[in-house]
Amino acid sequence: MKLHALFSRKKDDSNIQNIQDQSDLFISGIRFIENNNASKSVINNLARTWNSDLTYDISFVYLQNKLTDCKCIYETPSIFTLNKPDTFKYSDIYSEDPILSAEILSSLINGLQSNISGASLNIIENDPYLSTKNILIDRRFYHEYIIKCLSLILEKSHPLLIEFSDLQLNNDVMEHSEIYNYMKLIKYNGLYFKYIRSLEEAAMSSDDISLISKENINTDHKLICTNNNYDAKTFYEKINSKIDSYNEINFYSEHEKSNILNRFTEESTVLLKNDSSLLPIDKTKKIGIIGSISDTKGDDLTRQLIECFASDGVDFSYSPITQEKADLKDAEDICKDNNIILLLLGSENKGRTLELSKYIELITFLNKNIIAVIDECFETQLEFFNNVPAIISVGYITSSTVNHFYNILSGKFSPSGRLAKTIPQDFTKDPSFTAYSLYENDLEVKHSIYYGYRFFSKSKDNIRYPFGHGLTYNDIEYKGLRLVLHKDYLTIKFSVTNKGNIPCSEVVQVYIKDTSTDQFKSGKELKKFARIHLKAQETKSVDLKLNLSEFAYFDPIKNKITYTSGNYEIQIGRSSEDIRIKKDIRLQLTSENPEVSCLYDK
């Protein structure tokens, strides 16, 4: 085993010398870029777009803005995140569904690798505290969520690196599990790596490379240990040749970048609630603006947004949120003197829970027409907004897209983001956060396949906003569902109509519900989705193909993917709970091989 410093975080002679003192070869020129808070916010908002094409474009633009003088490998979100039960965060979940995660992550990988860069996919991310624990995960969840998501990602993309956590899974070291067997089966020829804490641990690894986390060494570099398959020079040449094999660097024009970023703002902004149709804002009314809004970096965008109101001739007044008596008096006057109140709560207000709850209670008492513009961080505190009739959760917003966001508020465009995870009424009763038991040597993950909306579709309670939820300004009509049945797949046909006068895009979602089996299954599962762009009053036909493999599940007794005959309901809707049209079918299998089966109407 040889120790090599290959990924340089920054060029610093003293750091380089420190590493050279410990290793026999140093190669610079490749940077491994982890997600910081700003980039994580950008990438997490991609899941809210439910749009793989836009994800590719955004990753391309993201690269264009991050180009450096060396080649880079970018870290993507994890397929599944494990944290200590008492530290689990809503923001740690990328998506509740393997199909949605796979669509977005594969497009992200392809976009990142389109321009002389690499992408690193993490399968399971875990809190360092858990690295010494044995993780007990139900095999149904392991195969139907983790392995399924991984397989779908690798069908559509080829990440340069795949990262393995250094945890034990069901008393089996991760690199000896089904994941490695699956990699061999599909002949994945990328590179594996994992973070480690010591050279002794590296010597026991069977990965291609291992990274010592910077927290465990006195340097700003990451160290890489290669096994006997690669000496440092061979590894460096291999990783360089792979990055060089990607396309030549290309650039979007400033106009193209602007259009892409505006679409990102529009398709990541989720309209959670719109009672009394307060949105879009009626510009003929007097508008009171209270609070502030910022971008993912924390830069204040309030003044820029206010200038949009002013330039559009809107009669408005403004007050910040502070504890100063003068400002509180201004806020009271604004609530009394204006028809509509626009309450801006950006991430800079996070942590002011008690203060904000009293503030919101005050202004809702003084004015009933409140529109809350919130950052995603407030989605875990929506109980403060029970008396607020309209809530819009901002996704991606920067100084370059503030004008477009104003156009969304004023009705030129409609918000079209969708939630990638359920927002429960009470997070303490959500098994995604609570179904964990920590023992001396083990962490047991108890939720099994009942993760996210799969649990809520069974329990039917504690849902504030369901998976896939997101309103538009228009009424969207679904009708004409037809199933064209074939030997080993079915085609789903229906139409969607924008009944309103504002252009919008609709995310159609296809769920399957098993209505007859006694098998241990979730209430429903997402199987397909598509984003449909609609002009005012426009109708479009939708055709989606559903393979028979979508009806399969993992049988832990037989230890393999299997199929069962029975009755199923095909549901088409706007979220996991807002089903607009549905149709029953019966699935008849002549064997466990789906190629020799047939489908017919129930």
Legend entry - With sequence neighbours excluded, residues passing side chain to side chain donor-acceptor pair (under 3.5 Å) with S416: S505, R531
Inset, instruction - Report yes or no: do N498 and E538 form a side-chain donor-acceptor pair below 3.5 Å? - result: no
Inset, instruction - Over 60° means perpendicular and under 30° means parallel, so classify the ring planes of F264 and Y396, tilted if in between. - result: parallel
Inset, instruction - Over all heavy atoms of both residues, which pair between V394 and F405 is shortest? Give the atoms and the distance, please. - result: CG2-CZ, 3.7 Å
Legend entry - Test applied, ring pair (Phe, Tyr, Trp, His ring centres under 6.0 Å); reference residue, F467; option that passes from Y453, F455, F456, Y451: Y453
Inset, instruction - Taking all non-hydrogen atoms of both residues into account, name the closest pair between H469 and S575 and its distance. - result: N-CB, 3.7 Å
Legend entry - Considering all heavy atoms, the nearest D312-K283 contact: OD2-NZ, 2.9 Å
Inset, instruction - Using a cut-off of 6.0 Å, state whether more than 12 heavy atoms not belonging to K499 lie near its atom NZ. - result: no
Inset, instruction - Could I get the full list of side-chain contact (heavy atoms from CB on, under 4.5 Å) partners for K446, not counting sequence neighbours? - result: A435, S437, Y439, E444
Legend entry - Nearest heavy atoms of V388 and I360, plus distance in Å: CG2-CG2, 4.1 Å
Inset, instruction - Return the minimal non-hydrogen interatomic distance between I79 and Y145, and the atom names on each side. - result: O-CE2, 3.7 Å
Legend entry - For the student: nearest non-hydrogen atoms of L112 and S59, plus distance: N-OG, 3.7 Å
Legend entry - Whether Q509 side chain and G468 backbone form a donor-acceptor pair below 3.5 Å: yes
Inset, instruction - Check whether the side chains of S106 and S157 place a donor and an acceptor atom closer than 3.5 Å, and report yes or no. - result: no
Legend entry - Qualifying residues under ring-ring contact (aromatic ring centres under 6.0 Å, His included), relative to H404, sequence neighbours excluded: F413
